[in-house]
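In what follows, chains carry the letters A, B, and so on, assigned in the order in which the sequence lines appear, proteins first and then strands, with residues in each chain numbered from 1. When reading the values below, keep in mind they use all heavy atoms of this one structure, side chains included, and skip hydrogens, waters and symmetry mates.
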Protein chains: 2
Amino acid sequence: MKKTIFVFSALIIALLILFQLSKYAYISGDLSIEFVIAVIAIVFFIIGVIINKKTLRKKAIPDISINTEKIAELGISKREYEVLLQISKGQSNKEIADELFVSESTVKTHVSNLLLKLDAKRRTQAIQKAKNIGII
Amino acid sequence: MKKTIFVFSALIIALLILFQLSKYAYISGDLSIEFVIAVIAIVFFIIGVIINKKTLRKKAIPDISINTEKIAELGISKREYEVLLQISKGQSNKEIADELFVSESTVKTHVSNLLLKLDAKRRTQAIQKAKNIGII
DNA sequence: TTGGCACTCATACTAAAGTACCAAAATCAT
DNA sequence: ATGATTTTGGTACTTTAGTATGAGTGCCAA
């Protein structure tokens with residue numbers, strides 16, 4: 001937020017300078033009005049593009065980075081989260097058990113807890129919900 | 001493409017008119033140079049934003065639209081695809097049956113065919129594969 | 001040191017999911 | 001019209017998934 005204020009302040013100052021310079025240059029007869037207008041047009045065109053790009057980027061980034069807090073918020077433990085990731089990869093309970101070096105019973109326990117915490121009835125629904133809240 | 005050329009032509013013409021008008025208005029003394037510059041700046045700023053938005057939109061669309069060919073390539077029928085979408089939403093066979101107004105047996109048949117065509121062992125794996133090849 | 005929590009595992013079920021095989025309609029292109 | 005494909009549905013069976021319950025172990029903070 002501080003950065004944004006700083007950038008905008010600098011931008012406004014730069015624009016004021018540009019205005020004065022262009023006015024002076026025109027009055028002194030060194031430049032034609034067409035040239036001044038063209039420079040102004042180009043500068044503002046570029047500013048428009050940059051501002052728009054930043055705005056859109058800020059909208060896109062949150063989708064990738066909201067995860068960690070939500071996981072804690074739902075009370076999902078490390079092990080449960082590992083199981084969740086395996087589920088989303090399409091693994092069966094047995095396959096997950098083998099990869100995490102635990103028994104299938106343990107995996108089932110984790111899955112049941114996950115379904116409760118994610119408020120899902122099936123593992124497929126758990127995948128969907130987990131993706132929606134951005135934790136996978 | 002024709003549309004793009006037309007839009008750009010219209011844009012250039014409009015800009016030339018704007019230039020001439022602003023020049024005339026200034027010379028005739030009706031407007032101050034500050035006002036003319038401000039108008040030019042605002043107009044080009046807006047143009048910059050719009051152009052940039054269109055460019056980014058064109059880059060974003062391909063990600064969503066590579067699907068149709070792949071679906072045909074895998075021999076997935078319309079009905080099967082509908083079932084696939086329901087599966088990815090976390091629906092059970094019974095729930096899918098109710099939404100598509102068919103029996104659970106029918107859904108099971110479709111699911112079995114989907115698993116074969118997507119080369120998946122489970123519905124969760126089918127979701128994963130379908131997402132990877134971009135058909136959902 | 002002790003209660004709480006995460007992790008582990010088992011048994012015994014119930015409920016879904018998935019397979020195999022068959023078959024009747026509906027749809028569609030030639 | 002007709003052969004091919006799609007869609008539909010059933011039965012019977014096997015395999016996963018998911019629930020319920022109980023319990024042992026290890027770790028960490030009060």
### Task
Give one of base, sugar-phosphate or nothing for A:S92, where a contact means two heavy atoms less than 4.0 Å apart.
sugar-phosphate

### Task
Please tell me which of B:K78 and B:K94 maps to the more 5' nucleotide of DNA chain C, matching each residue to the nucleotide holding its nearest heavy atom.
B:K94

### Message
I want to verify a distance call: between D:dT8, D:dG10, C:dA10, whose nearest atom is closest to the B:S103 side chain?
### Response
D:dG10

### Query
Can you find a side chain N or O atom of A:R122 that sits less than 4.0 Å from OP1 or OP2 on C:dA16?
no

### Query
With distance as the sole criterion, is a donor-acceptor pair present between the side chains of B:R79 and B:N113 under 3.5 Å?
no

#### Entry: Spacing of B:I87 atom CD1 relative to C:dA17 atom C1', expressed in whole Å
10 Å

### Task
Round to a whole Å and report the spacing from CG of A:L100 to P of C:dC9.
11 Å

## Note on the structure
From CD1 of B:I127 across to P of C:dA17 the rounded distance in Å is 11 Å

### Which nucleotide in D:dG18, D:dG9, C:dC9 has an atom nearest any side-chain atom of A:S112
D:dG18

#### Entry: Pair A:E95 + B:R122: basic N to acidic O under 4.0 Å
yes

### Message
I'd like to know if the side chain of B:K70 reaches the main chain of B:G134, judged simply by a donor and an acceptor atom lying under 3.5 Å from each other, with no hydrogens or angles considered.
### Response
no

### Query
Do any side-chain nitrogens or oxygens of B:H110 fall under 4.0 Å of OP1 or OP2 in D:dG9?
no

### Query
C:dA6 C1' sits how many Å from A:E82 CD, rounded?
13 Å

### Message
Taking the minimum atom-to-atom distance to the side chain of A:S105, which one of D:dA17, C:dC9, C:dC7 wins?
### Response
C:dC9

### Message
From the set D:dT6, D:dT8, C:dC7, return the single nucleotide nearest to any side-chain atom of B:S77.
### Response
D:dT6

### Query
Nearest to the side chain of B:K108 - D:dA17, C:dG18, D:dT8?
C:dG18

### Task
For the pair A:S112 (side chain) and A:T109 (backbone), establish whether a donor and an acceptor sit closer than 3.5 Å, ignoring hydrogens and angles.
no

### Query
What is the distance from CG of A:L115 to P of D:dA17, rounded to the nearest Å?
12 Å

#### Entry: Cluster overlap A:V111 with A:I133, hydrophobic side-chain contacts below 4.5 Å
yes

### Task
Please report, rounded to the nearest Å, how far the P atom of C:dG18 is from the CD atom of B:E104.
11 Å

### Task
Write down the distance between CG (B:D98) and P (C:dA16), rounded to a whole number of angstrom.
12 Å

### Query
Quick one: on DNA chain D, does B:T109 or A:N93 contact a more 5' nucleotide (nearest heavy atom)?
B:T109

### Query
Rounded to whole angstroms, how far apart are NZ on A:K121 and C1' on D:dG18?
14 Å

